[in-house]
Amino acid sequence: MQIEKISDTYHHITFADGSEVFLIGTAHVSQHSVEEVAETIDRENPDRICVELDASRLSNKTKKQNWENTDIRKIFREGKGFLLLANTALASFQRKLGAQTGTAPGEELLGAVKLAEERNIPISLCDREIQTTFKRAWAKSSLWNKCKLLGTLISAAFSNEEISKEELEELKNQETLEGMLNEVAKELPSIKEVLIDERDIYLATKIYNAPGKKKVAVIGAGHTKGVLSAFEKLENNGNIKSTEELDTIPKNKGIGKAAGYIIPTLIILLLIIGIAMNGWDQGLRTFLYWVLVNACGTFITTLIAAAHPLNIICCAVTAPFFALNPVLGVGMLGGILEATFRKPKVRDFEMLNDDAMKLSGWYHNRILHCLLVFFLSSIGSMLGTFVAFPILISRI
């Protein structure tokens, strides 16, 4: 395999069988990337175009959504509230960058798809399904890393920091990218593994195995180095994970499942010990302290979220009991009830990404408001639980 480095973001790869790949690393909100992709396709006239998209993302970007049949309550019931929250915050951040640079997120990918359709060039969607990626990232992350990821995405979505076109182009520089990815690896190793490393292998495998002797492949600049490394392993029959393996959602291990029962078990044990040592009257008072502290934490955060008054009461009353259940959570109840009391409208779905870029949008948009209530009620119950621990111990 021969690699000709034309620039940090543009490589010409020739494989042993004579096939070629023109690999373009882009910034997804860069006008320069849009132009570079179009110029390369014009110049090389490939027999296949490969893009960093999956079927669902391409459909979302090109087809009008039928929101009437969307039920956000089902999302909460299926335990996908945090996934939707993370996805929304990430989309908001990308949209904000696009608004600053005047280029819609992923425009270079859509441009490649459009050119392929106009010229009857076969196209390969080479990325892993976005929901699979998020589910794997979520399954591999600890609770602390999940909170850090959500905090990072939400703070980025609300940030007022401006980025210039020059700074954006600098992000495609390999040294800059490596520095950023190393920082992500230190803070969120499991996230970096799933979002970057695994998708490097996935993209490389799909591009490598795509039919055609002359291919143009359009991927994010952050994947360039990893894809080139994976190409070498594929060419030399090196040890590399299969796409089937990377499409599998990891199951919770025994330790992971047990962790969800630890806090409820400890709380129940403390209550039982309190009753055994101090009698039923004192034990009942200890239990009431637990209920009040947990309920107050949830009441305050759902009030901050401006939840429906009935929802605030329901969440506060049920939070202490949901906290003792490792399967259910008060956030699920809060999200479902908010969507029931204030049913989302089609406009809320259509304006989702625009509204997510400003704090007021999370209160006015009913979809975002459900997510906000879901998130803050969960946080309130968690805070109440941790605050209640020392109180329960002191009562004993």
Side-chain angles (χ1 to χ4, degrees), residues 65 67 70-96 131 134 137-138 141 143-160 294-320 322-323 328-386:
Q65 297 293 308
W67 298 117
T70 304
D71 186 359
I72 191 171
R73 292 172 296 185
K74 182 180 177 183
I75 293 172
F76 290 122
R77 284 196 295 268
E78 293 175 350
K80 297 178 181 178
F82 279 111
L83 285 174
L84 179 59
L85 183 60
N87 202 352
T88 302
L90 178 60
S92 172
F93 175 62
Q94 286 190 326
R95 197 174 184 87
K96 179 175 288 187
Q131 289 303 323
F134 270 119
W138 207 249
S141 298
L143 176 62
W144 177 238
N145 279 344
K146 289 174 182 175
C147 291
K148 284 202 293 184
L149 173 63
L150 284 173
T152 301
L153 290 174
I154 292 171
S155 63
F158 290 150
S159 172
N160 292 321
N294 199 287
C296 284
T298 307
F299 179 85
I300 292 170
T301 53
T302 48
L303 191 63
I304 292 172
H308 189 282
L310 289 178
N311 196 5
I312 294 175
I313 295 171
C314 289
C315 287
V317 169
T318 58
F322 273 111
L328 301 175
V330 70
M332 180 190 298
L333 176 68
I336 291 172
L337 288 180
E338 197 63 31
T340 302
F341 292 136
R342 293 166 172 158
K343 189 174 180 180
K345 301 176 181 178
V346 173
R347 180 263 173 207
D348 297 311
F349 288 98
E350 292 175 341
M351 297 299 294
L352 185 65
N353 290 330
D354 289 327
D355 289 339
M357 291 192 290
K358 50 187 182 292
L359 181 59
S360 61
W362 287 76
Y363 284 89
H364 296 146
N365 185 297
R366 293 189 175 189
I367 294 294
L368 296 174
H369 194 209
C370 290
L371 288 173
L372 186 65
V373 172
F374 160 79
F375 181 64
L376 289 182
S377 59
S378 300
I379 295 296
S381 181
M382 288 170 57
L383 290 175
T385 298
F386 287 114

Given side chains that start at C-beta, do those of [X] and [Y] come closer than 4.5 Å, heavy atoms only?
X: D355; Y: R347; answer: yes
X: L337; Y: H308; answer: no
X: F76; Y: L371; answer: yes

Looking at [X] and [Y], what are the two nearest heavy atoms and their distance?
X: V330; Y: C315; result: CG2-O, 3.6 Å
X: N311; Y: A307; result: ND2-CB, 4.1 Å
X: P320; Y: N294; result: N-OD1, 3.5 Å
X: Y363; Y: I304; result: OH-O, 2.9 Å
X: A316; Y: A295; result: O-CB, 3.1 Å
X: T385; Y: A323; result: OG1-CB, 3.9 Å

With rounding to the nearest 0.5 Å, note down the distance linking [atom1] in [X] to [atom2] in [Y].
X: L333; Y: T302; atom1: CG; atom2: OG1; result: 10.5 Å
X: L303; Y: I300; atom1: CG; atom2: CD1; result: 8.5 Å
X: F375; Y: C370; atom1: CZ; atom2: SG; result: 15.5 Å
X: N365; Y: L372; atom1: CG; atom2: CG; result: 11.0 Å
X: I379; Y: F374; atom1: CD1; atom2: CZ; result: 9.5 Å
X: S360; Y: L368; atom1: OG; atom2: CG; result: 10.5 Å

[X] side-chain N/O to [Y] backbone N/O, donor-acceptor pair under 3.5 Å:
X: S381; Y: S377; result: no
X: D348; Y: R366; result: yes
X: H369; Y: E338; result: no

